[in-house]
Amino acid sequence: MKIICIGRNYADHARELNHPLPEVPVFFMKPESAVIQNNNPFFLPGFSNEVHYETEIVLKIMRLGKNIEKQFAHRYYQEIGVGIDFTARDLQRECIKEGRPWEIAKAFDGSAVLGRFIKKEKLPDPAAIEFQLDLNGQTVQKGNTRDLIFSFETIIAYVSTFITLKTGDLIYTGTPAGVGPVKINDHLVASVEGQVLLDFMVK
Ligand code: MG
């Protein structure tokens with residue numbers, strides 16, 4: 001299983017980090033060892049002083065595909081979830097400055113927190129999915145997938161041009177504005193269309 005993450009896919013988030021808007025999807029990967037499931041806690045790593053949450057809608061790939069055409073891309077995922085793309089922002093800034101790859105900032109153990117999945121048919125409109133993150137009882141991120149720069153279908157078509165998608169692969173589709181740091185004992189609750197799919201602690 002592999003995890004593909006799309007960067008800068010909401011204009012308001014790209015702006016808050018002073019990044020230019022991408023002309024094609026920007027993606028990077030996390031290894032399987034990054035996954036945390038079942039509402040288990042996230043342990044803050046010792047190598048960063050600024051770990052940020054990024055709340056994202058996650059697609060679970062349900063069949064093998066290569067060079068998938070955009071018009072057929074919807075057939076490659078059936079379940080939608082929510083996850084946190086934890087990012088060591090201080091290390092990421094260094095990587096960007098030096099032109100180095102992002103793995104140390106993005107792919108570390110525990111950096112892909114994953115909530116429950118729901119069938120996309122259960123959603124009122126799969127092209128306009130509302131989601132949010134509450135941090136210690138305060139809503140800090142609110143997004144709607146109608147604001148995506150690159151749709152789920154565009155992402156699947158683009159990524160599968162380069163990399164074969166396999167059953168069980170995950171795609172983190174990007175975060176809206178409102179990212180910020182976490183500290184020990186923070187409580188994070190992420191919901192999709194008002195339904196809590198993820199609820200965990202930072203340790
Ligand atoms: Mg992200």
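Along the sequence shown, residues are numbered consecutively beginning with 1. These values consider heavy atoms only, across backbone and side chains, with no hydrogens, waters or symmetry-generated copies. Please read all numbers here as calculations on a predicted model, not as lab measurements.
- Evaluation of the salt bridge (Lys or Arg N to Asp or Glu O under 4.0 Å) rule for Asp90 yields no partner, not counting sequence neighbours.
- Judged as a salt bridge (Lys or Arg N to Asp or Glu O under 4.0 Å), and not counting sequence neighbours, Asp134 has no contacts.
- In this structure, a donor-acceptor pair under 3.5 Å is absent between the side chains of Gln132 and Thr55.
- Every residue meeting the side-chain contact (heavy atoms from CB on, under 4.5 Å) condition with Arg75, not counting sequence neighbours, appears here in chain and number order: Phe72.
- Qualifying salt bridge (Lys or Arg N to Asp or Glu O under 4.0 Å) partners for Arg100, counting only residues two or more places apart in sequence or in other chains: none.
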Please list every donor-acceptor pair under 3.5 Å in which a side-chain atom of residues 118-126 meets a protein atom from a residue at least two apart or in another chain.
{"unit_1": "Lys120", "atom_1": "NZ", "unit_2": "His74", "atom_2": "O", "d": "2.6"}
{"unit_1": "Lys120", "atom_1": "NZ", "unit_2": "Tyr77", "atom_2": "O", "d": "2.6"}
{"unit_1": "Asp125", "atom_1": "OD1", "unit_2": "Ala127", "atom_2": "N", "d": "3.0"}

Residue pair Phe43, Asp109: steps toward the side-chain contact (heavy atoms from CB on, under 4.5 Å) verdict: CA-CA 9 Å; Phe43 288 89; Asp109 288 353; over 6 Å; no
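- Nearest heavy-atom pair across Ile3 and Ala112 is CD1-CB, 4.0 Å.
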Identify all side-chain donor-acceptor contacts of residues 22-35 below 3.5 Å with residues at least two apart in sequence or on another chain.
{"unit_1": "Lys30", "atom_1": "NZ", "unit_2": "Asp85", "atom_2": "OD1", "d": "2.7"}
{"unit_1": "Lys30", "atom_1": "NZ", "unit_2": "Phe86", "atom_2": "O", "d": "3.3"}
{"unit_1": "Lys30", "atom_1": "NZ", "unit_2": "Lys106", "atom_2": "O", "d": "2.6"}
{"unit_1": "Lys30", "atom_1": "NZ", "unit_2": "Ser111", "atom_2": "O", "d": "3.0"}
{"unit_1": "Lys30", "atom_1": "NZ", "unit_2": "Ser111", "atom_2": "OG", "d": "3.3"}

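- Side chain of Glu16 to main chain of Gly178: a donor-acceptor pair is present (N/O by atom type, distance under 3.5 Å, no hydrogens or angles).
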Do any side-chain atoms of residues 188-203 form donor-acceptor pairs under 3.5 angstrom with protein atoms, and if so which ones, sequence neighbours left out?
{"unit_1": "Glu193", "atom_1": "OE2", "unit_2": "Glu130", "atom_2": "N", "d": "2.9"}
{"unit_1": "Asp199", "atom_1": "OD1", "unit_2": "His187", "atom_2": "NE2", "d": "2.6"}

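- Atoms OH and CG, from Tyr172 and Asn9 in turn, are 15.5 Å apart once rounded to the nearest 0.5 Å.
- Closest non-hydrogen pair, Pro101 versus Cys95, comes out as O-SG, 3.3 Å.
- By the ring pair (Phe, Tyr, Trp, His ring centres under 6.0 Å) test, Tyr76 is found to be paired with no residue, residues two or more places apart in sequence or in another chain being considered.
- The salt bridge (charged side-chain N to carboxylate O under 4.0 Å, His left out) analysis of residues 58-72, with sequence neighbours excluded, yields the pairs Lys60-Glu79.
- The main-chain N or O of Ile129 is found under 3.5 Å from a side-chain atom of Thr145 such that the two form a donor-acceptor pair.
- Taking CZ of Phe47 as the reference point, atom CG of Asn49 lies at 11.0 Å (rounded to 0.5 Å).
- Between the side chains of His52 and Glu50, at least one donor-acceptor pair of N or O atoms lies under 3.5 Å.
- In terms of heavy-atom proximity, Ile80 sits nearest to Phe152 at CD1-CE1, 4.2 Å.
- By the side-chain contact (heavy atoms from CB on, under 4.5 Å) test, Ile36 is found to be paired with Asn40, Phe42, Val113, residues two or more places apart in sequence or in another chain being considered.
- By the side-chain contact (heavy atoms from CB on, under 4.5 Å) test, Lys97 is found to be paired with Glu94, residues two or more places apart in sequence or in another chain being considered.
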Criterion side-chain contact (heavy atoms from CB on, under 4.5 Å) on Phe108 and Glu103, from CA distance to verdict: CA-CA 7 Å; Phe108 55 86; Glu103 273 81 353; over 6 Å; no
Which is it for Thr161 and Ile68 under the side-chain contact (heavy atoms from CB on, under 4.5 Å) test, yes or no, and what are the steps along the way? CA-CA 7 Å; Thr161 308; Ile68 299 164; over 6 Å; no
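- The pair Lys183-Asp186 counts as a salt bridge, with a side-chain nitrogen and a carboxylate oxygen less than 4.0 angstrom apart.
- Annotation: salt bridge (Lys or Arg N to Asp or Glu O under 4.0 Å) contacts of Arg8 (sequence neighbours excluded): none.
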